[in-house]
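Structure first, then comments.
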Amino acid sequence: MTSETTTSRSSLPGSILIIYAGGTIGMQESPRGLAPATSFGPRLEAALSALPPDRLARLPAYSLWESPRPIDSSSATPGDWSALAGLIAERYDDHAGFVVLHGTDTLAWCASSLAFQLQGLTKPVVVTGAQKPLGIMGGDALDNLEAALAFAAQPMLREVGLSFGGRLMRGCRARKWYTHDAAGFESPNWPLLGEMVDHVPVLYSARGWVSQGAPRFELLQPHRPAAVLRLALWPGMRADLIERWLDDDDVRGLVLECWGSGNLPEDEALIGVLAGAAAAGKILVAVSQCPVGGIEPGTYANGQALNEIGVLSADDMTVEAACCKLTHLISQGLSHDELRRRFLMSLVGERGAFTP
Ligand code: ASP
């Protein structure tokens, strides 16, 4: 992703920077189906100017940065998230907030990675996309764009939010839930941060992340992506196959999607493979395959093996957040102990139950 700026509506300091990275929201039909498209600016202008006058008048001033190579987010990599975070960091002082337009397929991954890279935010970063391209009659793109701009103009929002279907979620808590429905996403373990009510943003500030200290941007190193594997348990899985995967020296971490509250098969071979990987210095973390609720390894005798091996509990984190956090921490070159300590902490509100 290289830098290329076009401005529209306003380039005043204090405006919102819209970053167009790709996704259905900006796609156009091609002979092979929907495909990423450039020249998003005029389409954005035309769509927003068709809003009813009262809603148009409430929009904050914005500038647009368009990627010269917008992507279908199914192709996104940590390098793309690093470039996005770098762009926000570079422009941080020039804008009151940021909106990232991105595909929905990996939007929760992008939001999670941005949250870990842009710690200590003092202004909003709101990611959004759409199930239908901008300009399609009855589609969700215009409403999502309007909502994202409205939330990005709320100075009390000081974290990475994911706005979709009129609902604002903590980015590192959200998951794509629906393939077609305009609701798009859910935040199973953290309540909504805000909602659009009659096209006006309402923030539930008590649920927002309160960061300590000044912005601490820790960008991912795109040239050295940490090799983190994601492995979901399935009945009948063969330990010898998993062993070949984990044996690679490049592999630095594993996110294991366990059963229910943190359970795994009573399979000595599999437990031995995991223990071997941990002994070799790889960081193993466990999440649940259930989207709602956290894990407590050791509730069942079978799950006790996770504690014995030293697998870290990801509590109620989404698998997207767990993978991004592990990738992020490994890329920071921390000591083994410091990395384990930070994984178990809530860095940006990514783990831990909500207590009203
Ligand atoms: N494949 C698209 C993407 O993630 C889906 C979408 O944006 O809704 O870029």
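Both counts, for ligands and for their atoms, begin at 1 and track the order of listing. What you see is a predicted model; the values in this text were computed from it and never measured. Heavy atoms only: backbone and side chains are in, while hydrogens, waters and symmetry mates are out.
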Is any N or O atom of Q131, backbone or side chain, closer than 3.5 Å to an N or O atom of ligand 1? no
Does an N or O from K176, backbone or side chain, lie closer than 3.5 Å to an N or O of ligand 1? no
Nearest candidate to atom 1 (N) of ligand 1, where distance is taken over non-hydrogen atoms, out of T106, I25, T104, D105: D105
Relative to atom 6 (C) of ligand 1, which among T24, L107, D140 owns the nearest non-hydrogen atom? T24
Quick test: of every protein heavy atom, which one is nearest to atom 9 (O) of ligand 1, and how far off is it to 0.1 Å? S73 N, 2.7 Å
Please list all pairs meeting ring-ring contact (aromatic ring centres under 6.0 Å, His included) that have one or both residues in residues 32-60, counting only residues at least two apart or in different chains. Y20-F40
Note: ligand 1 atoms sitting under 4.0 Å from heavy atoms of G23 are 7 (O), 9 (O)
Give the atom numbers and elements of ligand 1 that come within less than 4.0 Å of a heavy atom of M27. 9 (O)
So does [Y] get a backbone contact from the side chain of [X], meaning a donor-acceptor N/O pair under 3.5 Å?
X	Y	value
R340	G310	yes
N189	V292	no
R43	G26	yes

Should the pair Y92 and F217 be assigned to parallel (<30°), tilted (30 to 60°) or perpendicular (>60°) ring geometry? perpendicular
Those residues that, when tested against S74, pass side chain to side chain donor-acceptor pair (under 3.5 Å) (two or more places apart): D72
Is it true that H102 lies under 4.0 Å from ligand 1, counting heavy atoms only? no
Non-hydrogen atom of A130 closer than 4.0 Å to ligand 1: yes
Within 45° of the axis and under 6.0 Å from the centre of the six-membered ring of F98, does NZ or CZ of K123 qualify? no
